[in-house]
2 protein chains.
Amino acid sequence: MNHEYSLGAVQVSLTPQERFEEYLRSKKMRFTQERRALVDHVFSQHEHFDANTLLEEVAEKFDRKSRPSRATVYRTLNELVEAGLLRKFNVGSRDVYEHDYGYPQHDHLHCKKCEKLIEFQSDALVELRDRVAQDYGFRVTGHRLIITGVCNECRTAKRRERRRHDLL
Amino acid sequence: MNHEYSLGAVQVSLTPQERFEEYLRSKKMRFTQERRALVDHVFSQHEHFDANTLLEEVAEKFDRKSRPSRATVYRTLNELVEAGLLRKFNVGSRDVYEHDYGYPQHDHLHCKKCEKLIEFQSDALVELRDRVAQDYGFRVTGHRLIITGVCNECRTAKRRERRRHDLL
DNA sequence: ATAGTTGCAAATTCTTTGCAAGCCA
DNA sequence: TGGCTTGCAAAGAATTTGCAACTAT
């Protein structure tokens, strides 16, 4: 896991691979080559991704013989979520996955121009969430906040463009 | 609109029907019987709903002759979102719709036991959101927060059940 | 050996679309 | 009347599943 983690990491005692193996064992499932290849690949980069992106990456990375099939990719993604290694959420019309195991709780800013997801952390938000929940006698297990809008780069790009237009 | 609105209403000058008519006119589209029937129905109750629920309600409320088709229901839902009358969001695996026009900004608690959605309003959240966005030079257009967990009723139901079990 | 897995293709689920007939401005 | 809409059925997109052939343990 020598990749850029904008929010730092959470101390965990097992690697994702080990953690997945443990999870599989506890469900009497097997740690097959396909599953190993997929956890390895998924945790070799930190970007958010969707099923289709992963399918394409897998198609490129592995040759026809050793490549996990579409069905296996979908089945494994479900297990990784179930195992708590990945989180799945919905942005716009896409279902995207991100690392959960070994990565701190956070939320997202979603730019609707470039589709980029920016992560941020806010303790105040968690406090607010717990306060609201308490008011409603609600037992919290989690939350998801997505702030939508336009990111800094897209704003300045737009501004530059407007300026150029005005000059003509 | 004489239905229970837990968060009160926002002052608007047009009824949803009128607002939709205006929107349609601005796009050179027509206010047909089907569209009228659908806005009327959708704004006659305040519950969150999904496309399928609406389809079933429509099937029950109208007879075969005057009932908008599946295609028209989907097409109209998209227009209602586009027009700003409805908002669509994703909870778990469902896409649900809720009133937007004439209804204040709010967020949700989602009970994963009974699937209920509880609305709440928090100015502090909006402030927090804007502060975070500012830190990132992000221009906010909106947000969506869903707090997941177990609602009060389901918690007490569970507790009652546990107690009964302990007594046996 | 044998219970769990895989790949394939077919099946699902949900939503959109092409087109001929119908309806609104 | 002319153009926008509708309903129908077919097409799509995304994901799941049944099953016979494999493969971990």
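We use all heavy atoms of the structure for the numbers below, so side chains are in, but hydrogens, waters and symmetry mates are not. Proteins come first, then strands; the chains are lettered A, B, ... in the order of their sequence lines, and each starts at number 1. All values reported here derive from a predicted model rather than from experimental measurement.
Using a 4.0 Å heavy-atom cutoff across all strands shown, R67(B) reaches sugar-phosphate atoms only and no base atom. Using a 4.0 Å heavy-atom distance criterion, R36(A) is classed as making no nucleic acid contact.
Of the side-chain N and O atoms in S69(A), none sit less than 4.0 angstrom from OP1 or OP2 of dC8(C). The phosphate of dA14(D) (OP1 or OP2) has no side-chain N or O of R94(A) nearer than 4.0 angstrom.
Between N52(B) atom CG and dT12(C) atom P the separation is 17 Å, expressed in whole Å. Rounded to whole Å, atom C1' of dA13(D) lies 13 Å from atom CG of D95(A). Here dT6(C) presents its C1' atom at 14 Å from CD of E79(A), a figure rounded to the nearest Å. One interatomic measurement links the two molecules: NZ of K28(B) to C1' of dG2(D), which rounds to 14 Å at whole-angstrom precision. Regarding E82(B), its CD atom lies at a distance of 13 Å from the P atom of dT16(C), rounded to whole Å. Rounded to whole Å, atom P of dT5(D) lies 13 Å from atom CZ of R25(B). For the pair L38(A) CG and dT6(C) C1', the interatomic distance rounds to 12 Å; values are reported in whole Å. The separation between R35(A) atom CZ and dG7(C) atom P is 11 Å, rounded to whole Å.
A distance-only check finds no donor-acceptor pair linking the side chain of T53(A) to the backbone of F49(A) [under 3.5 Å]. In this structure, the side chain of T76(B) does not engage the main chain of R35(B) through any donor-acceptor pair within 3.5 Å.
Under the 3.5 Å distance criterion, with hydrogens and angles disregarded, a donor-acceptor pair is assigned to the side chains of H106(B) and E98(B). Using modelled atom types, one finds a donor on one side chain and an acceptor on the other under 3.5 Å when comparing E119(A) with Y103(A). With no hydrogens or angles considered, no side-chain donor-acceptor pair links Y23(A) and E82(A) at under 3.5 Å.
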With sugar-phosphate taken as primed atoms, P, OP1 and OP2 and all else as base, the protein-contact string of nucleotides 16-25 of chain D at under 4.0 Å (heavy atoms; B, S, -) is BBB----BBS

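Each end of the helix from dA1(C)-dT25(D) to dA25(C)-dT1(D) gets its own axis from five base pairs, and the two axes differ in direction by 30°, given to 10 degrees.
F43(B) and H99(B) have parallel rings, their planes meeting at less than 30° on a 0 to 90° scale where 60° marks the start of perpendicular.
Salt bridge absent: R25(A) and E22(A) never bring a charged side-chain N and a carboxylate O closer than 4.0 Å.
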List the steps and the verdict of side-chain contact (heavy atoms from CB on, under 4.5 Å) for V73(B) and L77(B). CA-CA 6 Å; V73(B) 167; L77(B) 280 173; 4.2 Å; yes

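Residues N90(A) and G92(A) share a closest heavy-atom pair of OD1-O, 3.1 Å.
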